[in-house]
Structures are given as structure tokens and as C-alpha cells.
Number of protein chains: 2
Amino acid sequence: MRLSAKVEYGVRAMAILAIYYQGDPVPLRQIAEQEQISLKFLEQIFPDLKRVELVTSVRGSRGGYRLMRPPEEIRVGDIVRAVEGPITPVNCLAEGDDDSCCHRRGACLTRQVWARLRDKINDVLDDVTLDELVEVSAGKE
Amino acid sequence: MRLSAKVEYGVRAMAILAIYYQGDPVPLRQIAEQEQISLKFLEQIFPDLKRVELVTSVRGSRGGYRLMRPPEEIRVGDIVRAVEGPITPVNCLAEGDDDSCCHRRGACLTRQVWARLRDKINDVLDDVTLDELVEVSAGKE
DNA sequence: GCAATACCCGAGTTGTTTAGTCGGAATTAA
DNA sequence: TTAATTCCGACTAAACAACTCGGGTATTGC
């Protein structure tokens, strides 16, 4: 029951972008240094964030990334799902697998628990916005 | 954000044990057949369940496993933690890692979100008992 | 007693995933 | 032009997952 490093880094990076919201785009190099994350690894993560239109990019010198929406309209769940795909605690809950597991008795009994778990995880992650995440350090720069 | 097959099988197996609670101990071979799980793999899972005293074993011919407590006193969370260890969405939340991550700014900001996620996951899993899990099929044999 | 049945133990294997690395091409401000 | 940046695709070493395999030991029905 662990999140990938990609997700962890992605959320941290987005938190940085939220701090520097309004202002020049932030280059990945800067995030990499501040958060001690490999630049090349960050470069793999941001296409996912761009694809779902959470960020926009500015190419070239003095370019970088910025949030596409204000921090209070971006939820942690959006980031997690963008980077890692939909939350599926067990295979059985992935799409197209609706009844393939239910000829076994125990599988069907437990299925609803996993579905509920999935829903609650999404709830928790969707309950927190980037704004709330960084407000504790508001004004620190 | 996925559970391991060990956990999934473990919960399914425990559901079977709950169904056959009161009665002869259930041999792993039977669970393996009913749930289409490798017997050898089940044999790897059950020591974990025994260690935390969720089940007891009866050795010898006509032996097997049975629940150590009634189904209404066993929570899905107990099983998950027994088989997979404590829920830790990110490394930072593992024990002994309390401040090793907080010299990086984004890490500390996000930490509380992961902690909350961990707590909610535990809540959901601890909210369901084995009894509730199998009661939908009560009387089916 | 003895064969059958169950649990117990640890190593090995195979395939997938993770967490990156590496090199370079396209784009842009200065 | 040059330096900084995003973009793109391939590659890889290590870890992990999901088993398999081969036995060993204890217990019981008969």
C-alpha cells in the first residue's frame, strides 16, 4: 500500500509551483535542486501533469512550468491520478474485470471492501487542495 | 496504490474460515481449490496470520486452520497489517524517518496529507469485520 | 505401526515494476 | 550565437512480486 516516488515527487513539485504561482514560470532545474530530485526524473513526470492540463510549459531559455489553474482549484487527487493512473487497490477493480473474479466465492465477498477503500482514498486525496497544502508556509518568501 | 496478492488472498482465505467457523478446521488444500490459489503460496501467508494470533492450526490428518476469535472480532485491517505490515503510503512515514525528509520544503508540506491518508486507510479497513464481510452469504451452506 | 495428511522451512525462479540514467533534438531569451 | 530550457525515446540496474520446488517434521486415522 505505497505510493510511487513519481507521485510523491509530483505532489512536492506541484506544491513548489503553487508557492511560486503568479510570477515567472519555474524551471525544473530549480525544483530539482530545492527538493533534491533528479532533474531527468522530473522531466518524466511533468508530461503527465501537462497531459491532464494541470500545468502549462514555456519552452526555451527562462522557460519552465506554471500551474494552469489557481492552487485552490487543484486537488492532490488530481495529481496522484495524473501520474499514477486511477486508484485500484486490487486487480479485480480495474476496468473490464467486473465479473472475471466472481466465480470464486471469497473474491466476490471482499470486492466491496476494496471498492469502498478505493472510494475513501479518492475522497481523502480530493479533499485537499494545493492551496491548503502550502498555506501553512504562506509569506515565507 | 495497490495491495499485494498476498493480502488479497489472505483476506479471501480468512473469509472462507469465517464461513466455516464452528466446525472442523479447514485445510489449506480446500481453500486453495475453492479460491484457485496456489497451495504453496497459501502456506506462506498463514504463518503471518498465526503469528499475530488471528488463526490457530491443527496439525495432522483432518487438521487445518480455524479462526482464533469469532468473525465479529476480526477486522480486515488486522489481516492486511499482519500480512503486509503497517500501512505507509510514503517512506517518510515509516518509523525512524520522522525528520529525515523535512530539510526539503515540499516534503514537509505534503507529509501531513500522507499521514491523513494512512489514517483513513486504516479507518476503512478497521471498520469492516469478517462477520460483516460474509454475512451476505450466511446460510449458503 | 504406518501411511496419509497436514503444517513448516528456505531457497530458487521468472517476470514485472521502479527509479532512475543517458543522449540528444527542438525551442527561445538575451 | 549561446545558454537555458522543455521535449522525446530508449536503456538499465536493482528491487519486488508472485509464485515454484523440494524437502522435513509432526500428528492422526486406521
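Remember, predicted model here, so these are calculated numbers, not experimental data. In what follows, chains carry the letters A, B, and so on, assigned in the order in which the sequence lines appear, proteins first and then strands, with residues in each chain numbered from 1.
Residue K40(A) places a side-chain atom within donor-acceptor reach of the base of dG23(C), judged by atom type and a 3.5 Å distance cut-off alone. Between the side chain of E43(B) and the base of dC8(C) there is at least one donor-acceptor pair of N/O atoms closer than 3.5 Å.
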inquiry  = Run R81(A) and N122(A) through side chain to side chain contact (heavy atoms under 4.5 Å, CB included) and show every step you take.
reply    = CA-CA 9 Å; R81(A) 285 183 297 268; N122(A) 278 309; 2.9 Å; yes
inquiry  = Under the criterion salt bridge (charged side-chain N to carboxylate O under 4.0 Å, His left out), I'd like the reasoning laid out for D119(A) against R116(A): C-alpha separation, chi angles, the key distance, then a yes or no.
reply    = CA-CA 5 Å; D119(A) 293 341; R116(A) 191 169 157 194; over 6 Å; no
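If you take OH of Y65(A) and C1' of dT27(C), they are 13 Å apart, rounded to a whole angstrom. Between L28(B) atom CG and dC8(C) atom C1' there is a gap of 11 Å when expressed in whole angstrom units. Across the protein-nucleic acid pair, F41(A) atom CZ and dT17(C) atom C1' stand 12 Å apart, rounded to whole Å.
When the side-chain nitrogen and oxygen atoms of Y9(A) are compared with OP1 and OP2 of dT18(C), none of them lie within a distance under 4.0 Å. Contact between the side-chain N/O atoms of R59(B) and the OP1/OP2 oxygens of dT5(C) is not found at any separation under 4.0 Å.
T56(A) is listed as a side-chain neighbour of R66(A), based on a closest heavy-atom distance under 4.5 Å.
Residue order along DNA chain D, read from the 5' end via each residue's closest nucleotide, puts E84(B) first among E84(B) and S61(B).
Of all nucleotides in DNA chain D having an atom under 4.0 Å from a heavy atom of chain B, the first and last in 5' to 3' order are dA18(D) to dT28(D).
Side-chain polar atoms of R118(B) and T88(B) form no donor-acceptor pair below 3.5 angstrom.
Here the closest non-hydrogen pair linking P25(B) and R62(B) is CG-O, 3.9 Å.
Note: F46(A) and Y65(A) have tilted aromatic rings, judged against thresholds of 30 and 60 degrees for the angle between ring planes.
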